[in-house]
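Heads up: the structure comes next, in structure tokens.
Below, read A as the first sequence line, B as the second, and so on, with proteins coming before strands; counting in each chain starts at 1.
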2 protein chains.
Amino acid sequence: MTDTPATPRRRGAARTEELLRVTLDLAAEVGYAGLSIEAVARRAGVGKHTIYRRWPSMAALLLDALSRVWASDLDYRDTGDVRADLREQFLRSGLALSSPPIGPVYRAVIAEAQADSTLRATLHERFLVTVEQSTLDRITRAQSTGELVAEADLEFAAEVLCGTLYYRSLLSTRPIDESAVDGLLDMFMAAYGTSTRTRST
Amino acid sequence: MTDTPATPRRRGAARTEELLRVTLDLAAEVGYAGLSIEAVARRAGVGKHTIYRRWPSMAALLLDALSRVWASDLDYRDTGDVRADLREQFLRSGLALSSPPIGPVYRAVIAEAQADSTLRATLHERFLVTVEQSTLDRITRAQSTGELVAEADLEFAAEVLCGTLYYRSLLSTRPIDESAVDGLLDMFMAAYGTSTRTRST
DNA sequence: CTCGATCGGCACGATCCGTGCCGATAGGTG
DNA sequence: CACCTATCGGCACGGATCGTGCCGATCGAG
């Protein structure tokens, strides 16, 4: 009652950090299969209560664990060349999404979210929307500098760009390689770029 | 021994059909949560062996169940107006993906696939690639009639189109409504359409 | 009619869930 | 320094599902 609702209690903060780290380690080693609250508790040498006191479900724990490692990969550069900046970020994100620990944890969250619409909303708002917004910011700057046409619906373009990457890395079996990113950017720049438009006829 | 290896045995074929139907009914009623082999067996009044004899896992059963109801929604019309044909099909697919029984079953397959790369490959090859191919066929025809520019990489465009729809219906919480489809098609036609190109400057 | 394959039903050990209770301990309080 | 309270690790429980094994019943082919 006396503490703020967000901050953990006494010596719990260190345990919380450790539990998140153990969760990521476990995900990197055994993948989504074998990721369970019991497994995390065993691995950490911890009673299950210690986990349930912090997170209401495995999904909540996974979301927090994902937050620790995902945000760091989310910063577009701004070199003045929007295509090059998007390309670099997409390749970096694609690699992160397909490598441990982000890949397995992200898959685990996706899987849990299919059975829980509340979690799906949280996932969407806390990660997907954030990524889209970051992309939207970058291409909006490009629009203001004249790299992209003024009448483009960039909000939807950001969703198409990010959605295609997520589709390829989480649902498809194809890798997010250079040809994929280049193909995606070809379409995006053909639609909304202002320079070197290749017109037929 | 006397029958072909693919066709089920004696009176099993009828049971197989019934089990697929029960699975779809169950998915429509209780959603992904509560979809289990035990539940299907209980609902069908069947021993679990009868299910395990036909499918090695819940995921395999779900894939077969999905095949029964998904293929029917997969035929692009060809009215000569590629944008209108894509629009109609995308709206139809979007509705199907978010309604029972296809929605819950698709979600269940997605969830299972996150923990099983073999299943993920099967899902990709049996459904995602099929949908992309169907889309690619339609836009390839449009390219040959001059509705789309000749140098467009349509194979990748088909993935972007389908991927965005899957992203929105399965990962995002936004609906696949008319504005979403129109936004997607705006970008696609802006990139590769040959008529009524709006140029800035 | 005979016989073998499939059937429904039941039970098992295993795993994980979420919860409850225990005694131990660590940390802030006086 | 001693106390006290919240958190700790550990254990156990009932419930659910998994995948498997065994039973006797039943159906269909020969």
Handout entry: Heavy-atom check, side chain of T16(A) versus side chain of W55(A), under 4.5 Å
Key = yes

Practice task
Specify whether Y76(B) and F90(B) have parallel, tilted or perpendicular ring planes, treating 30° as the upper limit for parallel and 60° as the lower limit for perpendicular.
Solution key: perpendicular

Problem - Euclidean distance, atom CZ of residue R53(A) to atom C1' of dT5(D) [Å, nearest integer] - result: 13 Å

Exercise for the section: Could you state the atom-to-atom distance from CD1 of I51(A) to P of dG10(D) in whole Å? Expected result: 12 Å

Practice task
Would you check if L86(B) and F188(B) make a side-chain contact, meaning some heavy-atom pair closer than 4.5 Å?
Solution key: yes

Exercise for the section: Check whether any side-chain N or O of T135(B) sits under 3.5 Å from a backbone N or O of V131(B) as a donor-acceptor pair, and report yes or no. Expected result: yes

Exercise for the section: Using a cut-off of 6.0 Å, state whether more than 12 heavy atoms not belonging to E18(B) lie near its atom CD. Expected result: yes

Practice task
If a protein heavy atom is under 4.0 Å from the base, mark B; if only from the sugar-phosphate, S; if neither, -; do that for nucleotides 14-20 of chain C going 5' to 3'.
Solution key: --BBBBB

